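These numbers were taken from a predicted model, which means no experiment stands behind them. Just so you know, ligand 1 is whichever comes first in the structure, and atom 1 is the first atom listed for that ligand.
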Amino acid sequence: MARVAIVTGGTRGIGHAISVGLRDAGYKVIANYGGDDKRAEEFTKETGIPSRKWDVADFDLCTAGVKAVVAEFGAVDIVVNNAGITRDGTMRKMQREGWDKVLDTNLGGCFNMSKAVWDSMLDRGFGRIVNIGSINGQAGQYGQVNYAAAKSGIHGFTKALAQEGASKGITVNAIAPGYIDTEMVAAVPPNVLEKIVARIPVGRLGKASEIARAVLFLVADEGGFVTGSTMSINGGQHMY
Ligand code: CAA
Ligand code: NAP
C-alpha cells in the first residue's frame, strides 16, 4: 500500500512542487491549504491530488483535518509542514498582530500538525516529518523579526522532536530554503529583491522543484538514519 503523505500549503508554490513530486514517486498525497479555494480547485483538477482546507494555526482544525484524512485515506505516514506566510515590516512598523499571525502559522502549525499524527506514528513505529524552515531563520533578515523567529524556532523544534522519534522509527528533519521563485518572494519589492539575488552565488532564485527533491530524499523508507538534520538549499547564499 502506498504511504500516505499530507503536505500543508500543498496547493501553491513550494508545496505544489512537493505534492506533485511525492505523487510521482508513488505516495498517496493529500494537499492541505489555508483559504484560496479557487487555486486549490485548479490544483486538484490539474494534478488529481485531493486538497483539503484547514488553518494550520488552529490546533482543533488540524486535529479534525488529520482525522478526516485518516478516515478517508488511512493512517498518515508522512507530514510535510510547509504552510507559511510572511508579514514583513521593520520593528518600528510591525504590530503584535503580524507577530502572532506569523508565529502561530509558521511555527504553531508545525506543532499542531505533528501533534495530530504523532501518537499514530509511535504506535505504528514509522513516521517521516519534514519541516520547511528558511535561510532567514538561520541568518536573520531585515524586516522579518517575526518570520526569522518562527523559522529559527522550526529548526529547534526539529532537533528536539527528532530525539523523541529516533528510537521509534520516526525521523524529523528540516529544510532551509533560500530565495525560491514563488508568489511569496514575488511580493518582495523589486528593488530589494534585486539586491538579494545579487548576493546569491548561484546567480538566480531557486526553483520549487529543487526543494521537492530534498523532501523525497528525506521521506524515503531508506531514510531512517537521517534525523534532526537541516538541509540548506540556498544557492550558496548562506553556508551554515
Ligand atoms: N539592511 C540594511 N538596511 C536596510 C535593509 C537591509 N537588508 N533593507 C532596507 N534597509 C533600509 C533602507 O535602505 C532604508 O534606509 P533609509 O531609511 O536610510 O533610506 C530603510 O531600511 C527602510 O527601507 P524600506 O524603504 O524598504 O522600508 P519599508 O518600511 O518600505 O520596507 C521592508 C521595509 C518591509 C523590510 C522591505 O525592505 C522588505 O520587504 N524587505 C524584504 C524583506 C525580505 O527579504 N523578505 C523575504 C520575504 S520571502 C521569504 O521570507 C522567503 C524566505 O524564507 C527566503
Ligand atoms: P506560497 O507560494 O505563498 O504558498 C503558501 C501555501 O501555504 C499556500 O498553499 C497557502 O494556502 C498555504 N497556507 C498559508 N497559510 C496557511 C494556513 N494558515 N493554513 C494552511 N495553509 C496555509 O509560499 P511558498 O513560497 O511556496 O512557501 C512555502 C513554505 O516555504 C513557507 O513555509 C515559506 O515560509 C517557506 N519558504 C519559502 C521560501 C521562498 O523563497 N519562497 C524560502 C524559504 C522558506 P492558500 O493558497 O489557501 O493561501
Can you tell me if R213 has over 12 outside heavy atoms packed within less than 6.0 Å of its CZ? no
Of the backbone atoms (N, CA, C, O) and the side-chain heavy atoms from C-beta on, which set of P189 has a member under 4.0 Å from an atom of ligand 1: side chain, backbone, both, or neither? side chain
Check the side chains of T8 and N82 for a donor-acceptor pair under 3.5 angstrom, ignoring hydrogens and angles. no
So that I can tick it off, tell me whether E183 and R39 are bridged by a salt bridge, with the cut-off set at under 4.0 angstrom between side-chain N and carboxylate O. yes
For atom 3 (N) of ligand 1, the closest protein heavy atom turns out to be Y142 CE1, 3.3 Å
Taking I154's backbone N and O only, do any of them form a donor-acceptor pair with K159's side chain (distance below 3.5 Å, no angle check)? no
Expected output: side-chain S19 to main-chain G10 donor-acceptor under 3.5 Å: yes
Kindly compute the distance separating CD1 (I132) from CD1 (I14), expressed to the nearest 0.5 Å. 6.5 Å
Would atom 39 (O) of ligand 1 count as contacted, meaning some protein heavy atom under 4.0 Å? yes
For atom CZ of F217, is the number of surrounding heavy atoms from other residues, nucleotides or ligands below 6.0 Å larger than 12? no
Contact residues of ligand 2 (heavy atom under 4.0 Å), by chain and number: G9, T11, R12, G13, I14, N32, Y33, G34, G35, D36, W54, D55, V56, N82, A83, G84, I85, T105, I132, G133, S134, Y147, K151, P177, G178, Y179, I180, T182, M184, V185
Scan the protein's non-hydrogen atoms and note whether one is under 4.0 Å from atom 8 (N) of ligand 1. yes
Protein heavy atom under 4.0 Å of atom 18 (O) of ligand 1: no
Heavy-atom closest pair, residues I49 and V29: CG2-O, 3.4 Å
Examine the proximity of ligand 1 to I196 and report which part, side chain or backbone, both or neither, has a heavy atom under 4.0 Å away. side chain
Just checking, is any N or O donor in the side chain of S232 or Q138 under 3.5 Å from an acceptor N or O on the other one? yes
Give the residue, atom name and distance (to 0.1 Å) of the protein heavy atom nearest atom 51 (C) of ligand 1. Y147 OH, 3.5 Å
Closest protein heavy atom (residue, atom, distance) for atom 35 (C) of ligand 1: G143 CA, 3.5 Å
Does the protein put a heavy atom under 4.0 Å from atom 54 (C) of ligand 1? yes
R204 NZ/CZ over Y179 ring centroid, <6.0 Å and within 45° of normal: no
Out of all atoms in ligand 1, which are within 4.0 Å of some heavy atom of S134? Include the element for each. 52 (C), 53 (O), 54 (C)
Identity and separation of the nearest protein heavy atom to atom 41 (C) of ligand 1: V192 CG1, 3.6 Å
Count the heavy atoms belonging to other residues, nucleotides or ligands that lie under 6.0 Å from NZ of K115, then report whether that count exceeds 12. no
Heavy-atom distance to atom 44 (O) of ligand 1: which of R87, R92, Q141 wins? Q141
Among all protein heavy atoms, pick out the one at the shortest distance from atom 30 (O) of ligand 1; state its residue, atom name and that distance to 0.1 Å. K93 NZ, 4.1 Å
T11 and S51 side chains, donor-acceptor separation under 3.5 Å: no
Just go through M184, Q138, Q144 and tell me whose heavy atom is the nearest to atom 50 (O) of ligand 1. Q144
Does atom 15 (O) of ligand 1 have a protein heavy-atom neighbour under 4.0 Å away? no
Might you check, step by step, whether the distance between atom 24 (P) of ligand 1 and some protein heavy atom is under 4.0 Å? no
Hey, is atom 1 (N) of ligand 1 touched by any protein heavy atom at less than 4.0 Å? yes
Can you name the nearest heavy-atom pair linking C110 to N81, along with the distance? SG-CB, 3.7 Å
The option among T90, D88, N234 carrying the non-hydrogen atom nearest to atom 47 (C) of ligand 1 is D88
Per-atom filter on ligand 1: closer than 4.0 angstrom to a heavy atom of T86 are 50 (O)
I need the minimum non-hydrogen distance between A174 and H155, along with the two atoms involved. CB-ND1, 3.7 Å
What heavy-atom pair brings A17 and S209 nearest, and what distance separates the two atoms? CB-N, 3.9 Å
